[in-house]
Amino acid sequence: MGKRDNQVAYMNPIAMARARGPASSGGPTIQDYLSRPRPTWEEVKEQLEKKKKGSRALAEFEEKMNESWRKELERHREKIISGSEISSKKREKRKKEKKKSGGLSSSPSSSSSSDSSSSSDESNNETKKKQTKRKKKKKYSRKSSDSSSDSGSESKDSVKKKKSKDEADRNKDNKSRKRRRADEDDRHSSSQSVSRSDTEEEVYCKKKKNSEEKAALSKKKKKHKKHSKKKKKKTLPSSSDSE
């Protein structure tokens with residue numbers, strides 16, 4: 001069995017691409033972009049003018065609005081001025097009427113004199129009433145201010161008294177506490193001193209007992225030694241006799 005022939009002929013990719021020709025792509029090419037339809041200079045000028053016209057229209061609208069606002073402001077001012085003028089005119093009319101009524105009252109006729117006297121009496125009565133009312137108001141205001149000042153002073157005095165009482169109570173409490181502490185300290189110190197004295201007495205008694213016991217033991221030892229010596233002396237002659 002011979003070998004199988006698996007070899008394949010080599011194909012140049014560049015030559016194959018050239019043989020295929022230009023690739024048909026779906027999108028626009030560079031040539032299409034360069035050869036696009038462009039506006040002329042005249043068309044550009046027209047577009048710029050249209051933009052300017054739009055800005056002019058906006059400016060015109062703003063001017064119209066400003067004019068309407070100005071008109072409204074002028075109307076408002078005219079109303080205010082007319083109202084002030086009307087009020088001034090009314091005042092002038094009232095003054096003229098008063099002057100006329102005063103001139104009529106100054107006439108030599110008896111009726112005018114009586115009217116003027118009655119009017120003057122009424123005016124005097126009104127002025128007196130007003131004065132009395134003002135005096136009453138002043139008195140009431142003074143009384144209220146005095147009462148408020150008195151109440152304020154009383155409240156201050158009461159506050160001061162309360163503070164002084166609180167301070168006195170605190171001082172008393174502090175003094176009583178200090179006394180209690182001093183008494184407790186004295187008691188504690190006295191108890192400590194008593195306990196110390198008791199312990200000292202106990203120690204002294206113990207020492208005394210120990211010394212007495214030692215003395216008794218020493219006496220017993222001495223007696224025992226003497227007795228032992230006497231026994232030895234007695235035993236010595238007896239032993240010599242036996243020999």
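Nothing fancy with the numbering, it's 1 onward along the sequence. Note that the structure is a prediction, hence the values are computed from the model and not measured.
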Among all residues two or more places apart in sequence or in another chain, which pass the side-chain contact (heavy atoms from CB on, under 4.5 Å) test with [X]?
X     : value
Thr40 : Glu42, Glu43
Ile86 : Lys90
Arg38 : Arg36

[atom1]-[atom2] distance between [X] and [Y], expressed to the nearest 0.5 angstrom:
X      : Y      : atom1 : atom2 : value
Arg187 : Glu184 : CZ    : CD    : 7.5 Å
Glu92  : Arg94  : CD    : CZ    : 12.5 Å
Lys178 : Asp185 : NZ    : CG    : 13.0 Å
Lys45  : Glu49  : NZ    : CD    : 8.5 Å

Just wondering, more than 12 heavy atoms not from [X] lying within 6.0 Å of its [atom1]?
X     : atom1 : result
Leu73 : CG    : yes
Ile80 : CD1   : yes
Glu72 : CD    : yes

Quick one: name the residues clustered hydrophobically with [X], using the 4.5 Å side-chain heavy-atom rule over I, L, V, M, F, W, Y, and just say none if it's on its own.
X     : answer
Met16 : Met11
Val44 : Trp41, Leu48
Trp69 : Phe61, Met65

Enumerate, atom names and distances included, each donor-acceptor pair closer than 3.5 Å involving a side-chain atom of residues 164-171, sequence neighbours excluded.
from: Ser164; atom 1: OG; to: Lys160; atom 2: O; distance (Å): 3.3
from: Ser164; atom 1: OG; to: Lys161; atom 2: O; distance (Å): 2.6
from: Asn171; atom 1: ND2; to: Glu167; atom 2: O; distance (Å): 3.0

Contacts of type side chain to side chain donor-acceptor pair (under 3.5 Å), residue Asp32, not counting sequence neighbours: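 If we apply the side chain to side chain donor-acceptor pair (under 3.5 Å) test to Asp32, skipping adjacent residues, the hits are Thr29.
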I'd like a table of donor-acceptor pairs (distance under 3.5 Å, sequence neighbours excluded) in which one partner is a side-chain atom from residues 203-218, with atom names and distances.
from: Asn210; atom 1: ND2; to: Lys206; atom 2: O; distance (Å): 3.0
from: Ser211; atom 1: OG; to: Lys207; atom 2: O; distance (Å): 3.3
from: Ser211; atom 1: OG; to: Lys208; atom 2: O; distance (Å): 2.6
from: Ser218; atom 1: OG; to: Lys214; atom 2: O; distance (Å): 3.3
from: Ser218; atom 1: OG; to: Ala215; atom 2: O; distance (Å): 2.5

